[in-house]
Number of protein chains: 4
Amino acid sequence: MAPQSLKKAPRCRARDLGIRIGIYEPGPYNAITDVDGVRVGHTTIIKGSGSRGSKTIARTGVTAILPGPGDVFMDSVIGGAFVLNGAGELAGLTQIHEWGLIETPILLTNTLAVGACSEGVVQYMTEKHPEIGNIHDVVIPVVGECDDSWLNEIIGRHVKPAHAIEAIERAASGPVAEGAVGGGTGMITCDFKAGIGTSSRKVKIHDRVYTVGVLVMSNFGLMRELRIDGFPVGKVLEAEFAEMRRREKNYGSIIAVLATDAPLLSHQLSRLAKRMALGVGRVGSMAAHGSGEIMLAFSTANRVPRAASKPLYSIEILKDVAIDPLYGAAVEATEESILNALFAADTMEGVARHSSPALPIERVREILAGKFVG
Amino acid sequence: MAPQSLKKAPRCRARDLGIRIGIYEPGPYNAITDVDGVRVGHTTIIKGSGSRGSKTIARTGVTAILPGPGDVFMDSVIGGAFVLNGAGELAGLTQIHEWGLIETPILLTNTLAVGACSEGVVQYMTEKHPEIGNIHDVVIPVVGECDDSWLNEIIGRHVKPAHAIEAIERAASGPVAEGAVGGGTGMITCDFKAGIGTSSRKVKIHDRVYTVGVLVMSNFGLMRELRIDGFPVGKVLEAEFAEMRRREKNYGSIIAVLATDAPLLSHQLSRLAKRMALGVGRVGSMAAHGSGEIMLAFSTANRVPRAASKPLYSIEILKDVAIDPLYGAAVEATEESILNALFAADTMEGVARHSSPALPIERVREILAGKFVG
Amino acid sequence: MAPQSLKKAPRCRARDLGIRIGIYEPGPYNAITDVDGVRVGHTTIIKGSGSRGSKTIARTGVTAILPGPGDVFMDSVIGGAFVLNGAGELAGLTQIHEWGLIETPILLTNTLAVGACSEGVVQYMTEKHPEIGNIHDVVIPVVGECDDSWLNEIIGRHVKPAHAIEAIERAASGPVAEGAVGGGTGMITCDFKAGIGTSSRKVKIHDRVYTVGVLVMSNFGLMRELRIDGFPVGKVLEAEFAEMRRREKNYGSIIAVLATDAPLLSHQLSRLAKRMALGVGRVGSMAAHGSGEIMLAFSTANRVPRAASKPLYSIEILKDVAIDPLYGAAVEATEESILNALFAADTMEGVARHSSPALPIERVREILAGKFVG
Amino acid sequence: MAPQSLKKAPRCRARDLGIRIGIYEPGPYNAITDVDGVRVGHTTIIKGSGSRGSKTIARTGVTAILPGPGDVFMDSVIGGAFVLNGAGELAGLTQIHEWGLIETPILLTNTLAVGACSEGVVQYMTEKHPEIGNIHDVVIPVVGECDDSWLNEIIGRHVKPAHAIEAIERAASGPVAEGAVGGGTGMITCDFKAGIGTSSRKVKIHDRVYTVGVLVMSNFGLMRELRIDGFPVGKVLEAEFAEMRRREKNYGSIIAVLATDAPLLSHQLSRLAKRMALGVGRVGSMAAHGSGEIMLAFSTANRVPRAASKPLYSIEILKDVAIDPLYGAAVEATEESILNALFAADTMEGVARHSSPALPIERVREILAGKFVG
């Protein structure tokens with residue numbers, strides 16, 4: 001491993017380095033929270049160090065996204081999804097595909113903690129809505145996962161339902177912590193330490209401005225595949241990090257969540273979710289066999305009330321023929337979210353003295369400075 | 001409610017009443033366990049009675065299906081699936097669709113217990129395979145659910161991970177307990193008490209005999225929709241049960257699992273799973289909006305070893321052009337499994353003094369005797 | 001073959017025999033045209049007789065459905081679809097899944113005539129809209145097929161683009177000819193002569209009444225599988241028609257098209273389309289390997305204008321939680337449409353002296369009269 | 001339009017410029033025909049010039065791919081597919097998804113010629129196999145399309161069934177003509193003239209070498225989106241071509257076809273097809289609303305005989321856990337195929353004096369030389 005990545009270097013966001021992905025401008029926080037009412041909370045669990053076996057070494061956590069203002073259980077948001085590679089799990093996906101609605105928080109965690117987070121969401125929801133299973137239908141939690149077992153002693157099952165509830169309760173508007181936090185605590189991307197990243201775009205369609213925000217839990221890829229705005233940075237770094245010990249299998253994954261205030265239907269959000277996959281591909285993913293790459297998208301613009309008493313509702317919808325700017329925004333914000341996860345995360349040592357280096361920002365700056373037109 | 005259903009009448013299987021669904025013969029147990037190596041175990045949780053609020057009234061449980069002999073984690077079985085109506089959850093479905101493999105037990109439980117069962121499976125698997133998350137990939141549990149909240153105080157969250165492990169450990173070959181057991185403990189079908197049911201068929205294709213076994217956790221439908229071998233028994237009974245208090249919403253569901261020793265590929269098993277949906281339809285389901293109807297199918301004939309060291313494997317496959325008898329068997333065994341769930345289950349009282357009557361077998365016998373040709 | 005089916009018996013509709021499928025009432029024509037603005041036209045091609053080889057023996061045709069009043073190219077209707085068994089073709093399906101819109105007539109014909117009908121639709125549309133490929137986007141025809149080669153010398157390729165245009169131009173409101181007409185001319189169902197059938201239902205949801213209309217081109221199944229309102233009529237007839245020469249392979253198919261004036265979105269129409277599959281199953285289909293069973297559904301309630309100049313549009317939508325009566329209507333109308341195709345079609349002799357007998361209506365009346373409760 | 005693109009510059013392949021996409025080596029022809037037995041044929045139709053209205057101006061054609069040696073109707077190849085954006089048509093797709101087999105040639109043409117090509121395939125197949133519709137099942141042609149109406153007076157319907165047959169009969173092994181030929185004659189990519197392109201990769205998995213070949217009919221994108229090996233060449237050229245008259249709408253499309261001799265099942269080929277979408281994305285596509293982006297993949301390694309007389313067959317299969325090199329090859333070969341379509345095609349003038357410039361190869365060389373590391 002190159003020595004420059006071992007010291008705790010100051011971190012920044014990709015944009016601070018002058019990297020401009022695409023043609024649209026980000027919102028004020030350059031985060032999924034730029035979409036009004038969307039809130040994000042993290043629970044980070046870091047414990048112990050040393051060799052495997054005690055099941056006490058934790059590099060993991062939970063990230064919660066509240067998909068809109070108010071109570072999404074009583075007034076659902078419209079959602080859609082796309083599975084680029086289904087070697088993973090997004091609990092609740094089947095119902096999102098069927099109904100086109102999201103009615104719970106969205107949680108991100110490690111693969112073996114999906115059950116614990118599901119338990120936490122059920123506890124949280126039934127305490128908030130004790131009529132669930134009586135007056136109201138039951139609820140199916142939405143929980144996505146990636147495998148953080150290179151750094152996290154995953155069979156220690158460190159995530160408890162309370163951690164999930166904590167992440168939900170901490171969810172807030174405004175800037176979003178990135179890198180080795182929440183569900184992303186132990187995640188790695190293209191062999192560098194990564195985790196949670198976020199970004200946003202504002203697009204104008206006729207006379208209205210819409211915001212597209214993306215948050216990823218990023219955990220995929222090999223170093224040689226890494227591209228930054230198309231430039232093959234990973235190929236250059238690969239030579240410099242040749243000695244580094246790394247995950248042998250490409251067993252990563254990425255869960256990407258998109259929020260927008262554009263008034264879209266479920267099938268349109270599923271289409272947007274597909275474009276997020278193209279953004280993942282631009283950073284270097286070929287969606288390896290074992291890499292679960294799942295995309296979820298929702299719109300806060302229209303809410304569907306739970307009550308069946310008024311069976312009709314009226315909504316305004318953006319035509320598909322006008323949707324292309326949102327597609328561009330989805331690709332761009334996904335790509336930049338992944339970069340932000342890489343730029344934010346510091347070097348981390350985990351179980352079995354596995355270490356994942358921080359992306360060497362200064363070196364990246366040099367590589368890009370020498371090679372890119374302004 | 002008609003008085004004859006209140007007393008504990010002797011229960012039987014549909015076939016004991018002379019009902020013959022379809023043209024194929026069942027295997028020795030007329031159960032999913034007629035497929036060699038497939039094992040089933042139940043954990044039944046029945047506690048308390050009275051009005052809602054204490055969260056102590058339980059009519060629920062867990063059913064575990066081990067999808068083949070030996071260790072399916074090290075040598076996966078081939079699987080496929082179909083979602084007739086996605087208003088439900090089958091955790092792990094995304095990966096089954098992607099890889100066409102099943103590598104864990106299959107669990108069935110109530111909607112709010114998916115997380116607990118997922119936790120149980122993770123605990124069970126990591127204890128059995130401590131190399132998970134190290135030498136081996138992580139594992140994604142397969143857990144299906146229906147909503148038993150008419151009888152079960154579901155927000156009491158009575159199912160714990162240990163119950164899931166217990167069901168797995170109890171799994172055995174041979175006859176399968178049906179009705180109000182395991183995951184089916186609190187389930188209702190067409191307003192009668194139901195739960196777990198199973199059936200099997202043997203079909204000959206050229207010179208080989210294959211077995212198709214089905215197990216359902218059945219919880220869907222309205223009384224007026226119930227058909228037995230096509231005959232509209234529900235319409236007749238509807239008049240006789242007019243006063244009965246029942247679930248107002250059609251919020252049921254069904255999870256149906258098919259096992260076969262026919263050598264099929266994943267896409268063929270997904271096709272078989274679709275035919276199970278036709279069997280569900282024949283009992284009366286129109287797959288109501290809130291009724292999650294999910295079908296899973298697997299074949300024990302070929303095993304795919306986990307190790308990547310030998311990248312090629314050879315298997316024998318049944319051509320799709322020869323598959324129709326298996327389709328017929330899938331329809332028949334699904335239909336009979338649901339009937340068996342109804343025939344086996346006795347009247348049950350649950351939370352809030354909700355009661356679900358047993359299917360009045362004697363009355364059904366009279367109706368069918370008077371009306372059907374032999 | 002039983003002698004009573006050889007003479008040209010008077011035909012009727014299933015309902016004329018007192019058969020009442022389900023619980024909802026049909027519209028005035030009991031046809032897909034009960035949905036305002038939906039029009040149907042047939043071109044029937046019957047030529048020659050005798051043995052195979054001259055390629056001059058035709059028992060085929062084209063049926064056209066205009067999916068709404070006015071010009072669906074300029075103001076599309078919303079559509080959805082479901083593939084129960086994809087051993088067939090519905091040209092244009094990919095775009096319907098993607099956009100959720102239908103912007104052309106819907107044509108039904110034989111398998112080898114999809115190209116000719118596609119040509120016909122292109123000619124018709126480009127003559128009506130010469131701006132296609134210039135100011136307007138190109139257009140993708142929607143053409144479904146079944147295999148009528150038991151009666152039709154299909155490699156004679158008797159259907160020409162002009163036949164497709166003729167069917168479109170003949171499309172009219174009001175009663176719809178059924179049986180051996182249009183695309184259904186040479187089609188067979190459960191070994192009896194069938195073809196085109198249609199039916200409708202009116203359902204009340206809160207204070208509004210909606211119409212669901214279905215039209216099928218029905219060509220599937222074996223005699224022993226035939227059920228009429230659940231009653232296994234086919235089993236009884238099978239013995240009586242034991243000597244009959246019939247299609248050896250279960251190579252049928254069914255294309256079912258649903259129209260409604262209920263205000264539904266694309267994903268809701270795809271859900272309705274799935275319920276049509278349950279209706280097909282109730283008549284006896286197990287969706288045999290070679291039987292393409294494809295369902296298409298559209299709503300005339302909201303129209304999506306082609307112009308992108310106004311990117312937003314407002315529509316009223318029926319909530320999914322209120323949709324169940326439409327599901328019931330879809331199942332019922334599909335089942336009755338297939339029966340109507342059987343009841344309407346007379347015995348037909350085709351190529352190679354293959355003959356398909358009419359459903360023996362009097363015998364069916366006897367069977368049902370003796371066995372069913374009123 | 002920049003003057004340098006108007007003169008007929010010598011064309012080459014991307015690789016001739018030193019561009020190396022990815023890490024794997026191409027086969028001898030760097031073409032889909034590097035997969036043994038795969039053959040390609042083109043029919044190119046170029047007629048007339050001038051303004052719109054006469055319907056006589058043609059810039060279109062047909063490309064045929066024969067997906068394996070011998071007769072694929074009697075011994076099908078295994079196939080899979082993926083729809084990145086379904087605003088297009090690949091006739092026959094439904095059956096490929098259902099059966100996982102391809103049993104006809106694969107044709108590529110313009111949107112309004114799908115019917116004519118379908119007619120041509122039916123004529124070709126029924127002449128070759130007169131038992132179709134008698135002893136053999138009917139056949140469903142596989143025909144993909146893109147919209148070439150910027151250069152081609154598409155409503156002239158210049159493609160006739162005979163052109164399709166001609167392309168099939170011309171199909172040959174060896175080098176493949178690229179650019180403005182066959183179905184690609186009038187196609188445009190990122191505002192430059194493109195059309196047909198092809199590329200291949202050889203990958204070693206354990207001790208075996210497999211070939212992956214791709215052929216695209218490429219017609220998508222905007223100039224500013226064009227990337228060559230990640231480098232944003234389109235941004236640079238956009239400024240230089242600012243005055244150029246171009247397609248206003250992003251109404252392109254791409255059909256990409258992959259062949260391999262690796263022994264894969266249908267679900268594995270569908271997974272490969274998904275990775276092709278990532279290759280399309282890397283050239284700059286965001287899969288615009290109106291851009292049908294459809295991927296088809298097949299394997300020549302195992303053949304499935306038509307006859308049902310022997311219902312079992314044995315095949316060797318590559319495990320999914322070993323598949324990643326093929327994913328990389330699919331991404332790489334798709335990206336390079338699109339570049340080859342651009343590099344091969346010369347400037348073309350079409351209907352209404354629309355002109356599409358050749359990619360300025362010399363300028364691209366300069367841009368890349370100045371900016372890329374070797």
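For residues 313-322 of chain C, a heavy-atom distance under 4.5 Å to chain A picks out C:Y313, C:S314, C:I315, C:E316, C:I317, C:L318, C:K319, C:D320, C:V321, C:A322, given by residue number. Contacts of residues 81-107 of chain C with chain A at a heavy-atom distance below 4.5 Å involve C:E98, C:W99, listed in sequence order. Interface with chain A: from residues 202-213 of chain C, residues C:I205, C:H206, C:R208, C:Y210 qualify, criterion being any non-hydrogen pair under 4.5 Å. Scanning residues 260-272 of chain A against chain C with a 4.5 Å non-hydrogen threshold yields A:P263, A:L265, A:H267, A:R271, sorted by number.
Atom CG of A:D71 sits in a crowded spot, with more than 12 heavy atoms from other residues, nucleotides or ligands closer than 6.0 Å.
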